[in-house]
Amino acid sequence: MAVASVEHVIGIDPDRDRVTASVVDTATTGEQASAAFATTQVGYERLVKWADEYTQATDRAWSVEGTGSYGVGIAAYLAARGEWVIEFNNPTPSIDGAKTDTLDARRAARQTLGRSQPSAPRIRGNREALRVLETTRRGAITARTAAINELKALLVTAPVDLRDQLRGLTTTALVAKCSGFRLRSDTINEHTATKQAMRSAARRIRALTDEATQLRTTITELITTVAPHLLDQPGIAPITATQIYIAWSHPRRCCNETAFARLAGVAPPQASSGQKTRHRLNRRGDRKLNHSYL
């Protein structure tokens with residue numbers, strides 16, 4: 001369904017405490033009204049009532065910026081009411097650099113008109129549950145890696161007698177050894193201070209490892225329930241299946257194969273030089289570019 005098929009597009013620029021809305025006529029691209037509302041249930045209700053004064057529910061679309069962050073609340077509320085919600089990302093800035101909440105809301109509406117295949121926001125429910133679990137698990141893994149690097153850095157600069165005790169140990173053995181250090185309470189010197197610091201880092205590593213393991217267990221249980229067919233594919237484990245399930249979301253999430261390739265990070269960017277024309281695989285993806293294609 002093309003955006004031009006409706007009479008009005010309502011652009012939404014969300015913030016932490018309020019959302020700014022702008023009603024734009026699709027025929028003239030002129031703004032009919034704009035207003036700001038609180039990011040609460042009452043505020044969302046007032047927003048819809050305000051929109052009803054200028055538009056009809058059957059002849060309007062909502063272009064919401066930041067549906068994965070500040071805009072998630074209003075997007076979910078509108079979708080639950082059966083409104084047509086469009087995910088608006090990667091706005092084109094104005095030539096003069098002017099920027100206000102009202103201008104951003106108007107820009108969200110107008111620039112959506114120029115997109116032939118608008119995308120819908122990610123579906124919540126089980127996908128959102130998996131997203132928050134995986135985000136937290138990934139954060140625990142990152143913090144664990146930082147703690148391991150900290151522990152190994154402490155080992156490099158530790159007193160020679162302490163370093164000799166720990167030399168040659170694997171990471172697992174080093175963490176186990178350091179987490180069991182006993183400290184003397186009557187003396188504080190370089191040796192005891194280093195042991196205390198290493199014990200603290202080691203125990204942090206253990207706590208983060210347990211946290212990541214528990215989250216992975218929960219993720220495995222949930223993805224096995226909601227998408228067992230993904231786990232039946234060769235080479236797809238629970239975490240990979242979770243990433244696929246979160247990214248795809250629903251048929252209108254990606255408007256074409258190019259968009260999905262960008263989202264997956266496998267779209268080949270050009271790497272040509274001189275007489276050579278070639279491409280290379282983009283394994284990391286590019287969120288900024290992804291938004292142009294979603």
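Looking only at side-chain heavy atoms (C-beta outward), Thr39 and Pro14 stay at 4.5 Å or farther from each other. By the 4.5 Å heavy-atom criterion applied to side chains, Glu128 and Ile246 are not counted as neighbours. In this structure, Pro238 and Leu231 have side chains that are in contact, with non-hydrogen atoms separated by less than 4.5 Å. Residues Arg144 and Thr209 are in side-chain contact: their nearest non-hydrogen atoms beyond the backbone lie under 4.5 Å apart.
Distance alone, capped at 3.5 Å, places no donor-acceptor pair between the Arg206 side chain and the Ser179 backbone. Between the side chain of Ser63 and the main chain of Thr112, no donor-acceptor pair closer than 3.5 Å is present. Proximity of a side-chain donor or acceptor of Thr240 to a complementary backbone N or O of Ile236 within less than 3.5 Å is not detected. Looking only at distances, no side-chain donor or acceptor of Thr29 sits under 3.5 Å from a matching main-chain atom of Asp25. No donor-acceptor pair under 3.5 Å is formed between the side chain of Asp15 and the backbone N or O of Asp17. No donor-acceptor pair closer than 3.5 Å links the side chain of Ser200 to the backbone N or O of Gln196. Judged by distance alone, the side chain of Arg137 and the main-chain N or O of Ala212 form no donor-acceptor pair under 3.5 Å.
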With side-chain hydrogen bond (donor to acceptor under 3.5 Å, both in side chains) as the test, would you mind laying out the steps for Thr26 and Glu7 before giving the verdict?
-> CA-CA 5 Å; Thr26 57; Glu7 295 182 0; over 6 Å; no
Take Glu31 and Arg110, measure what salt bridge (Lys or Arg N to Asp or Glu O under 4.0 Å) needs, and give me the verdict at the end.
-> CA-CA 9 Å; Glu31 183 184 65; Arg110 287 176 173 171; over 6 Å; no
Starting from the C-alpha separation in whole Å, work towards a yes-or-no answer on side-chain hydrogen bond (donor to acceptor under 3.5 Å, both in side chains) for Arg106 and Ser22.
-> CA-CA 5 Å; Arg106 189 187 310 156; Ser22 173; 4.5 Å; no
Salt bridge (Lys or Arg N to Asp or Glu O under 4.0 Å) assessment of Lys49 paired with Asp52 | CA-CA 5 Å; Lys49 289 181 179 179; Asp52 289 339; over 6 Å; no
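Of the charged side-chain nitrogens involved, at least one lies within less than 4.0 Å of a carboxylate oxygen, so that Glu150 and Arg204 count as a salt-bridged pair.
Taking CD from Glu65 and CD1 from Ile74, the interatomic distance works out to 14.0 Å, rounded to the nearest 0.5 Å. Rounding to the nearest 0.5 Å gives a distance of 5.0 Å between OG1 of Thr135 and CZ of Arg131. Separation of atoms OH (Tyr245) and CG (Leu130) is listed at 7.0 Å; rounding is to 0.5 Å. Annotation: the span from Leu174 atom CG to Arg167 atom CZ amounts to 12.5 Å, rounded to 0.5 Å. Distance check: Thr58 OG1 to Glu83 CD gives 9.5 Å after rounding to the nearest 0.5 Å. Atom OG1 of Thr218 is separated from atom CD of Glu134 by 12.0 Å, given to the nearest 0.5 angstrom.
More than 12 heavy atoms of other residues, nucleotides or ligands sit less than 6.0 Å from atom CZ of Arg163. No more than 12 heavy atoms of other residues, nucleotides or ligands shown are found within 6.0 angstrom of OH on Tyr70. Gln56 CD: 12 or fewer foreign heavy atoms inside a 6.0 Å radius. Annotation: Leu169, atom CG; neighbour count of heavy atoms from other residues, nucleotides and ligands within 6.0 Å is above 12.
In terms of the side chain to side chain donor-acceptor pair (under 3.5 Å) criterion, residue partners of Arg18 (sequence neighbours excluded) are, by chain and number, Asp101. Applying the side chain to side chain donor-acceptor pair (under 3.5 Å) test to Thr217 and every residue at least two apart in sequence or in another chain returns nothing.
Contact record, Val85 with Ala79: CG2-N, 3.8 Å, taken as the closest heavy-atom pair.
One hydrophobic cluster holds both Leu215 and Ile244 under the rule that ILVMFWY side chains link at heavy-atom gaps under 4.5 Å. Transitive grouping of hydrophobic side chains (ILVMFWY, heavy atoms separated by less than 4.5 Å) brings Tyr54 and Leu78 into a common cluster.
Judged by distance alone, the side chains of Thr213 and Asp210 never bring a donor and an acceptor atom under 3.5 Å apart.
No option in Phe37, Trp62, Tyr77, Trp50 other than Tyr77 meets the ring pair (Phe, Tyr, Trp, His ring centres under 6.0 Å) test with Tyr44.
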